Amino acid sequence: MSLDVVAPLLLDDKLDLYRSQFALRQFEKRAYDLFLENYVKGTSHLSIGQEAIAAGVARAMRPDDWTFATYRGHAHTLARGVPMAPVFAELMGRANGLMAGKGGSMHLTSVEHGVMGSYAIIGAHLPIACGAAWSAQYRGTDQVAVCFFGDGSTNIGAFHEALNFAAIWKLPVIFFCENNLWMEYTRTTEVTAVANPAADRASAYGLESIIVDGNDADEVYAVTAACVARARAGEGPSMIEAKTYRHGGHSRADPGKYRPDEEVAEWLAKDPIPRYHQRLLAEGASEAQLVEIERAVNEAVDVATEEAKAGAVPGEDLLMKDVWANGGAEWRN
Amino acid sequence: MSLDVVAPLLLDDKLDLYRSQFALRQFEKRAYDLFLENYVKGTSHLSIGQEAIAAGVARAMRPDDWTFATYRGHAHTLARGVPMAPVFAELMGRANGLMAGKGGSMHLTSVEHGVMGSYAIIGAHLPIACGAAWSAQYRGTDQVAVCFFGDGSTNIGAFHEALNFAAIWKLPVIFFCENNLWMEYTRTTEVTAVANPAADRASAYGLESIIVDGNDADEVYAVTAACVARARAGEGPSMIEAKTYRHGGHSRADPGKYRPDEEVAEWLAKDPIPRYHQRLLAEGASEAQLVEIERAVNEAVDVATEEAKAGAVPGEDLLMKDVWANGGAEWRN
Amino acid sequence: MAQLTYREAIARGIAQEMRRDESVVFLGEDIAAAGGVFKGTVGLLEEFGPVRVRDTPISEQAILGAAMGAAMTGLRPIAEIMFADFFAVCWDIVVNEIAKSRYMTNGQMTFPLVIRSGNGGGLRFGAQHSQSVENWAMMVPGLKVVVPSTPLDVIGLMAASIRDNDPVIFLEEKALYATKGEVPDGDVVDTLGSAKVLRQGSNATLIALGNMVPRAQLAAEELASAGIDCTVVDVRSLVPLDTQTILREVSATGRMFTVEENPRLCGWGGELASIVADEIFYDLDGPIVRITTPHIPLPAADALEDLAIPSVTRIVETVQKSMNS
Amino acid sequence: MAQLTYREAIARGIAQEMRRDESVVFLGEDIAAAGGVFKGTVGLLEEFGPVRVRDTPISEQAILGAAMGAAMTGLRPIAEIMFADFFAVCWDIVVNEIAKSRYMTNGQMTFPLVIRSGNGGGLRFGAQHSQSVENWAMMVPGLKVVVPSTPLDVIGLMAASIRDNDPVIFLEEKALYATKGEVPDGDVVDTLGSAKVLRQGSNATLIALGNMVPRAQLAAEELASAGIDCTVVDVRSLVPLDTQTILREVSATGRMFTVEENPRLCGWGGELASIVADEIFYDLDGPIVRITTPHIPLPAADALEDLAIPSVTRIVETVQKSMNS
Ligand SMILES: Cc1ncc(C[n+]2csc(CCOP(=O)(O)OP(=O)(O)O)c2C)c(N)n1
Ligand SMILES: Cc1ncc(C[n+]2csc(CCOP(=O)(O)OP(=O)(O)O)c2C)c(N)n1
Ligand SMILES: [Mg+2]
Ligand SMILES: [Mg+2]
């Protein structure tokens, strides 16, 4: 993977990337609290520990590019510029939610930000991302689609179909595997025939095997940017496997106790956010600058939480709306 | 792939292998005639040109081993020892058919011969074969399952799931890809990201890449036997890709005109049956021996055809039979 | 005016729409170079080229995923699932993704796409290539479901489906591919959600779909000569459903019979029966009777398949028996 | 006698059968070490070991293919599909392979297997994790379909399903996992295809399934105090279907109401309505009314989900309105 084509990040860009990662972290922590306080009623899957990926990838994308996320998609949605309040409100099932409460935590979507949905059935969105990429190719818009998925999702049929399909049609799509070592409660290597569930399969689709440090936003950015450039140039798809870890459990209040303490400790030591904080100081940022970023984020989280909580409870009008393109839900005359 | 463990074939074995290949050929030719004469009403998919595979693999199996075939499964069914008459009768929809006419050409099954079904939805039988292999492993019977499929079938999701599953559970199953270059009317390489659709993907499941000449029954036998030995020894699954060609069209009366003349000619020159005929002569068989085999086969085909034609038309009793294990079809009391 | 087969009408309908709208693209297995395994798409590659008419691998999830992703970003794809039975290998994309995403996103996304598929039995293809799956789709909120019974309806409903902004499951009856019918020159555009009354009678109303429509018509003729005068309604579209026409025509005769190729349980006929038994219960003069394939997988043998799928004789006998009891 | 939750009853039923029959094996995602994402299978790995209780990759086609292949060669597998919505990613194995292969092979093969799955809404999981898919399965010839509503029924019907020689789709109602009920000590074995009459009334018959059963019971109590005395039938098993009990209980009151969690079109209630409107038409005193989730994908927000799924209030009001009109 040659990174020659990629514009290096300046300090200001990096401060921005810090802000983004820190915001994702603080959002998720608040979401967890809201879950415990029973404001969030359904399920939720947090990305704490994996923020460098959503932030780094978003940085490598153009506003009119598309992301396809999973049920673990809060971070990926926010990183593209979606405001926090409607996302909090969506988790709480309020009418001011991003989808008025109809989708919920697992289906965050904001078409205006290029967030083309979060998908809760493992694998399904890989072929769908191919379709968006095909549309870009057909219309000659040079847009690119990025599709996130987990390590455990590499063993489902749709993964295979999508990879082959994207390769033969040379589609501008990037398959981004966030390998956090675990499926729900099962270690992925225990049920996967190869050590690197995505990268070791790239050759089955004629693709290069690419592995990155998923806890390093700069590296994620650079490799993604190179793949994006390749896709825009009509050179087809890429697959990236990023090594990372979720600090918490799989979903809801799962404490993740099935994981060995040493493993958790090892990865906490590689937490992308303090790491990036240190790097910024080393590269010339001041502690005061970073503290100010953190303060502003925390304030924004508080404001967004209140805004979300102030939302109305959705009613019958929303219930029976938008099954069909005409806005309605009628199946008969 | 080491072939050390494989018992070499003696001349008598080879004469038998010739008989088997010739019988498969003559059966299929008659099936084609019966289709044109409108005795065979539904569809049918012939293996003419690919006989060395069904025959060679069967030779490497024990009677209590299992085969899983596709809709192109006449040859694979007969090669395991199923008599011709009930197969002809099944194609004709008669009550004396292998499944009394209820399955048809695409679903030939003879459990008593280890022919565990022919499957007409691409890919489905790969996971099913895993299940049989799992059952052998669980019960400690050292039975092996062999699952045939085509080159075009390597791009469907079930292929991927089955390969990974077999690998992680070390199942005694052999995935046998008959690469005849074509899907129905589309060349497989045009829609596949790699040149060898099965072999180039073996590594994605931690398996060895194995390619054989599918028009050479001896080679097919030897490689399959080695994989069978490996499976019986508890060393897990294998995948074999055999290069071959169907002489005719995909199904029914398709003349296969979409294929370049030179390609057809090239493969007709590699016809496994005359090739094997020549080899036997070179290895000491007499022309008279071979002629006698051919005569006996032709006679058997004629006899079986008449026996099949004499079968009754199935009626209401069969129609409403064996949806359930109690023999009936009632869904209510 | 021309005589066209049902099979030819497919390509005609698609071509009509591809000519007027660049955003219509078409993908599927063997649909381009080969013109379709049922020869329903002959000539489209030649007219519209390989960028708009594309052969795919045997990857039904990829085919429909591609159609969905393209639809949400502004194209109007048509995807072929060769045999309707194969919906089972890509059902997730249909029911969990395409059908639900507009609702889940509170209307942020629109899915103007058509999935065409060869539906039903009669060709002796056996249990995995002969299913009538209209009910699989009708059951799922968010899908429109269309089943034409004549070449003219194929063109008009195909055009309407392609122009519609919602996902349409367009089921082509394999047993009808070879049938012929009159088709006017020029563009034909029909309306989704409109049933057709093919025959007006006074004693009973037969409600049929797809391949069962011509059988219901023939049965009605036989019944007429036996003194039972039947209305015949071609449902044409299960979603949206023209309940106005159906309720009116059942009210008028007081007796309802459905003719369904699907196996019995949870068929559209059950749904119609429940609507009728709720909304016009007091207009009914006798039992509602469903004529369906028994609840069994479809057998391959011609003799058995003919016993399984409702025949003209079975329709006639069932109606007679019920009307005379 | 013990008080058990519906969730605990799952493991109890499976364990009961695994103890008596070595050929019963169990596979699925997170079912072994983790004891299931709904904690329905806690303790099974510990008691039966990793050879009989196996975690799998996220490969639903492989899971069910493995179950099918094992069943045809002498095992009695239990497979878990975590959420019933995920049937869509392995539907081919269920409907085209498992359901049809016995028939297609003229009885050469038998498929004694159970597919368990978490079914239905109420947990605010949104449209892709909340579906009631009992009708998807009922629609397909060759599948038995069981939906228990109490811990006792979970055990007894689980045992009956495992002992049955046909494929059983065993749907566990997610909304009921936390509910409790009395369960006797010792083995419990029930009978497939038997509905239960939970309450006998004289004015109307409410027919419910799964999570709708307790709601129908509560509604019947409210209705009783409002002067409408209802029979309540728990269907328990859609295939085989206890039509004898249902027809008898509807005949007795002359009025039928179904309470269905599924979206309306082609639901089991439509099927029952059509059976009743055919076979006991003249015993009916008024319209057949279905109370269902509207024909929409299920929304995630608690307020919206509660509006969508039939509530006790909606049942009471619908019955009252219809009985008083
Ligand atoms: C088809 C399907 N099977 C199972 C599930 C249940 N499920 C949800 S998340 C998950 C684990 C996914 O692991 P991975 O892909 O590694 O992603 P991560 O959660 O670690 O981000 C499972 C099994 C599902 N949603 N869809
Ligand atoms: C899921 C599914 N998709 C499509 C088909 C239609 N179909 C039947 S055979 C075939 C081509 C298969 O090609 P290949 O795997 O190479 O096998 P071959 O016929 O050459 O033996 C196709 C597309 C099918 N049966 N199942
Ligand atoms: Mg993971
Ligand atoms: Mg082939």
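Please read all numbers here as calculations on a predicted model, not as lab measurements. Chain letters run A, B, ... following the sequence lines, proteins first, then strands; residues in each count from 1.
The candidate from B:A329, B:A95, B:G157, B:G315 with the greatest count of non-hydrogen atom pairs under 4.5 Å with chain C is B:G315. Interface check for chain B: of the options C:Q61, C:H129, C:H295, C:E29, the most heavy-atom pairs under 4.5 Å are formed by C:H129. Taking C:L298, C:D30, C:I296, C:V37 one by one and counting their heavy-atom pairs under 4.5 Å with chain B, the maximum is reached by C:D30. Your options are B:E190, B:M320, B:E330, B:R94, and the one with the most heavy-atom pairs under 4.5 Å with chain C is B:M320. Between chain C and the options B:V313, B:V323, B:I121, B:L318, heavy-atom pairs under 4.5 Å are most frequent for B:I121. Contacts with chain C were tallied for B:S153, B:G104, B:G152; B:G152 has the most, counting heavy-atom pairs under 4.5 Å. Put simply, of C:T56, C:D85, C:L123, the one with the most heavy-atom pairs under 4.5 Å next to chain B is C:T56. Across B:H250, B:E90, B:M99, B:E184, the residue that shares the most heavy-atom pairs under 4.5 angstrom with chain C is B:E184. Among B:G97, B:G93, B:G101, the residue making the largest number of heavy-atom pairs under 4.5 Å with chain C is B:G101.
In this structure, no portion of B:T192 lies under 4.5 Å from any heavy atom of chain C. Using a 4.5 Å cut-off between heavy atoms, B:R252 contacts chain C through its side chain alone, with no backbone atom that close. Of the atoms belonging to C:A308, heavy atoms from both backbone and side chain fall under 4.5 Å from chain B.
In this structure, CG on C:L304 lies 5.5 Å from CG on B:L319, to the nearest 0.5 angstrom. Annotation: the span from C:R124 atom CZ to B:S105 atom OG amounts to 15.0 Å, rounded to 0.5 Å. Rounding to the nearest 0.5 Å places CG of C:D55 at 4.0 Å from OG1 of B:T186.
Within a 6.0 Å sphere centred on NZ of C:K39, heavy atoms belonging to other residues, nucleotides or ligands number more than 12. The 12-atom threshold is exceeded at OH of B:Y258, counting heavy atoms of other residues, nucleotides or ligands nearer than 6.0 Å. Counting non-hydrogen atoms of other residues, nucleotides and ligands closer than 6.0 Å to CG of B:D261 gives a total of 12 or fewer.
Considering all non-hydrogen atoms of both residues, C:F125 and B:M106 come closest at O-CE, 3.2 Å. The two atoms that bring C:Q128 and B:Y119 nearest to each other are OE1-C, 4.1 Å, heavy atoms only.
Checked by atom type, the side-chain pair C:S59/B:N155 shows no donor-acceptor distance below 3.5 Å.
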**Message:** Set out, in order, the CA-CA distance, both residues' side-chain angles and the distance that settles side-chain contact (heavy atoms from CB on, under 4.5 Å) for B:K41 and C:E305, then state yes or no.
**Reply:** CA-CA 11 Å; B:K41 302 283 171 45; C:E305 193 180 35; over 6 Å; no
